[in-house]
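Worth saying up front: this structure is predicted, and the values here are computed from it rather than measured.
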Amino acid sequence: MSISSEHKPLGKQVTGSLHTLSPIVELNVGGEMYTTTLSTLKKHPGSKLAEMFTGQPKLRTDSEGRYFIDRPGTYFKYILEYLRSNQVPTQCIQDVYKEALFYDIEPLIKQLEDSPQIFGELVARKQFLARVPNYSENIELMIRIARAEAVASRRSSVIVCVVRTEEDAARCQDALNSLDMDKKSVVKFGPWKAAPSISDLLDCIQMDVEAKGYKISFQPHVAEKGFRFKSHDFFYKFLFTWW
């Protein structure tokens with residue numbers, strides 16, 4: 001009797017209970033091979049990783065019979081080392097943190113969040129940016145404007161207005177109107193109520209745009225001839241370089 005195509009397994013399907021397995025487990029994590037014990041993988045019962053190896057099998061195997069996990073294998077060694085010896089990694093912290101979140105290993109997640117790298121990103125920088133209205137949307141708007149101006153150009157520019165206080169916002173409104181009359185697109189950031197300065201926000205903008213793969217720099221915006229208002233500290237030009 002033939003098996004219909006919709007029921008053909010994509011890999012070897014594991015059958016039977018994992019309780020009958022050898023305590024030694026071979027893994028293929030994104031192409032990287034690991035050997036460990038079942039007890040190590042199940043060290044934290046509430047984790048997603050432990051659930052993968054508890055009760056009925058939840059994983060397929062590769063052609064060699066190794067359990068396959070479709071995640072970046074490079075960073076799994078740090079996860080495994082933590083499970084074996086409670087050693088918190090000191091390398092590739094951001095990437096290991098993503099994997100710890102995926103495998104839902106709560107003790108490791110908490111310890112990584114106490115590291116300077118994750119603490120600084122989650123508690124300091126992200127909390128600051130959460131107080132800047134429409135920050136993420138403005139980043140995407142900058143990119144759309146830059147890409148629209150990139151046709152047959154090596155560089156394209158986006159004018160950004162950064163206002164930290166309500167007073168600055170009021171002062172620059174007429175200037176923004178003038179720029180609109182010149183048909184220039186301006187992306188406005190702020191105001192916000194937090195300690196970081198305008199230069200801190202500019203660094204954040206550059207960091208987050210570069211994290212998306214773009215090459216970018218910025219400089220104070222110099223008003224063009226005929227501009228009805230003086231240049232203020234809150235106008236900047238971001239340059240996207242395409243080639």
Side-chain angles (χ1 to χ4, degrees), residues 72 74-75 91-98 115-243:
T74 304
Y75 310 115
Q91 303 178 49
C92 309
I93 300 297
Q94 298 281 357
D95 294 304
V96 176
Y97 179 65
K98 292 177 184 177
S115 69
Q117 299 94 323
I118 304 298
F119 179 87
E121 176 68 13
L122 293 181
V123 177
R125 200 176 82 92
K126 285 292 177 66
Q127 288 297 317
F128 158 52
L129 295 178
R131 301 185 184 189
V132 180
N134 303 314
Y135 177 81
S136 297
E137 293 85 348
N138 285 338
I139 292 291
E140 295 300 327
L141 178 57
M142 286 179 62
I143 292 171
R144 289 199 300 271
I145 293 172
R147 290 174 69 94
E149 296 182 358
V151 178
S153 300
R154 184 171 187 180
R155 296 181 181 86
S156 54
S157 64
V158 179
I159 297 177
V160 166
C161 174
V162 182
V163 290
R164 183 177 179 182
T165 67
E166 295 288 351
E167 181 182 359
D168 284 344
R171 289 170 57 205
C172 79
Q173 190 57 53
D174 286 342
L176 284 171
N177 291 338
S178 178
L179 283 171
D180 288 339
M181 286 167 47
D182 292 337
K183 297 183 179 180
K184 291 184 180 292
S185 297
V186 179
V187 181
K188 178 185 175 184
F189 288 85
W192 64 87
K193 294 182 179 179
S197 66
I198 286 177
S199 63
D200 293 326
L201 181 66
L202 292 170
D203 288 340
C204 287
I205 294 172
Q206 182 173 14
M207 183 186 308
D208 289 330
V209 173
E210 287 180 339
K212 295 178 180 293
Y214 296 91
K215 185 177 180 180
I216 189 175
S217 62
F218 66 87
Q219 61 193 38
H221 174 60
V222 179
E224 299 176 1
K225 186 177 181 180
F227 187 58
R228 294 196 294 115
F229 296 86
K230 294 180 179 179
S231 292
H232 296 297
D233 291 338
F234 38 73
F235 282 103
Y236 296 85
K237 179 182 290 187
F238 278 79
L239 296 172
F240 288 72
T241 301
W242 303 104
W243 51 274

Q: Mind listing the closest non-hydrogen atom pair of Tyr236 and Pro220 along with its distance?
A: CD2-CA, 3.8 Å
Q: Side chain to side chain contact (heavy atoms under 4.5 Å, CB included), that's the test. Do Ser136 and Ile139 meet it? Break it down for me.
A: CA-CA 5 Å; Ser136 297; Ile139 292 291; 5.7 Å; no
Q: Dump the intermediate steps for side chain to side chain contact (heavy atoms under 4.5 Å, CB included) on Lys212 and Val209, then the final yes or no.
A: CA-CA 5 Å; Lys212 295 178 180 293; Val209 173; 5.7 Å; no
Q: Once side chain to side chain donor-acceptor pair (under 3.5 Å) is applied, do any residues pair with Asn134, and if so which ones, sequence neighbours excluded?
A: none
Q: Can you find a pair of side-chain heavy atoms, one from Lys237 and one from Phe218, that are under 4.5 Å apart?
A: no
Q: Please list, chain by chain and in numerical order, all residues satisfying salt bridge (Lys or Arg N to Asp or Glu O under 4.0 Å) with Arg125, sequence neighbours excluded.
A: Glu121, Asp208
Q: Is a donor on one side and an acceptor on the other found under 3.5 Å between the side chain of Trp243 and the backbone of Ser153?
A: yes
Q: Apply side chain to side chain contact (heavy atoms under 4.5 Å, CB included) to the pair Val123 and Ile118, showing each step before the final yes or no.
A: CA-CA 8 Å; Val123 177; Ile118 304 298; over 6 Å; no
Q: Under the side chain to side chain donor-acceptor pair (under 3.5 Å) test, which residues partner Lys193, sequence neighbours left out?
A: none
Q: Of the non-hydrogen atoms in Phe238 and Val160, which two are nearest, and what is the gap between them?
A: CD1-CG2, 3.6 Å
Q: To check you understand the geometry: which heavy-atom pair defines the closest contact between Ala169 and Lys188, and what is its length?
A: CB-NZ, 4.0 Å
Q: Is a donor on one side and an acceptor on the other found under 3.5 Å between the side chain of Arg131 and the backbone of Pro191?
A: no
Q: Would you say CD of Glu137 has more than 12 non-hydrogen atoms from neighbouring residues, nucleotides or ligands within 6.0 angstrom?
A: yes
Q: With ring-ring contact (aromatic ring centres under 6.0 Å, His included) as the rule and sequence neighbours excluded, what pairs involving residues 136-160 come up?
A: none
Q: Does Asp203 have any side chain to side chain donor-acceptor pair (under 3.5 Å) partners at least two apart in sequence or in another chain, and if so, which?
A: none
Q: So which heavy atom on Ser157 is nearest to which on Leu239, and how close?
A: CB-CD2, 3.6 Å
Q: Is the side chain of Arg155 donor-acceptor paired with the backbone N or O of Thr241 at a distance under 3.5 Å, no angle test?
A: no
Q: Could you check whether any side-chain heavy atom of Phe128 comes within less than 4.5 Å of a side-chain heavy atom of Cys204, counting everything from C-beta outward?
A: yes
Q: Can you find a heavy atom in the side chain of Met142 that is under 4.5 Å from one in the side chain of Phe189?
A: yes
Q: My understanding is that only residues two or more places apart in sequence, or in another chain, count here; which of them pass side chain to side chain donor-acceptor pair (under 3.5 Å) with Glu210?
A: Gln206
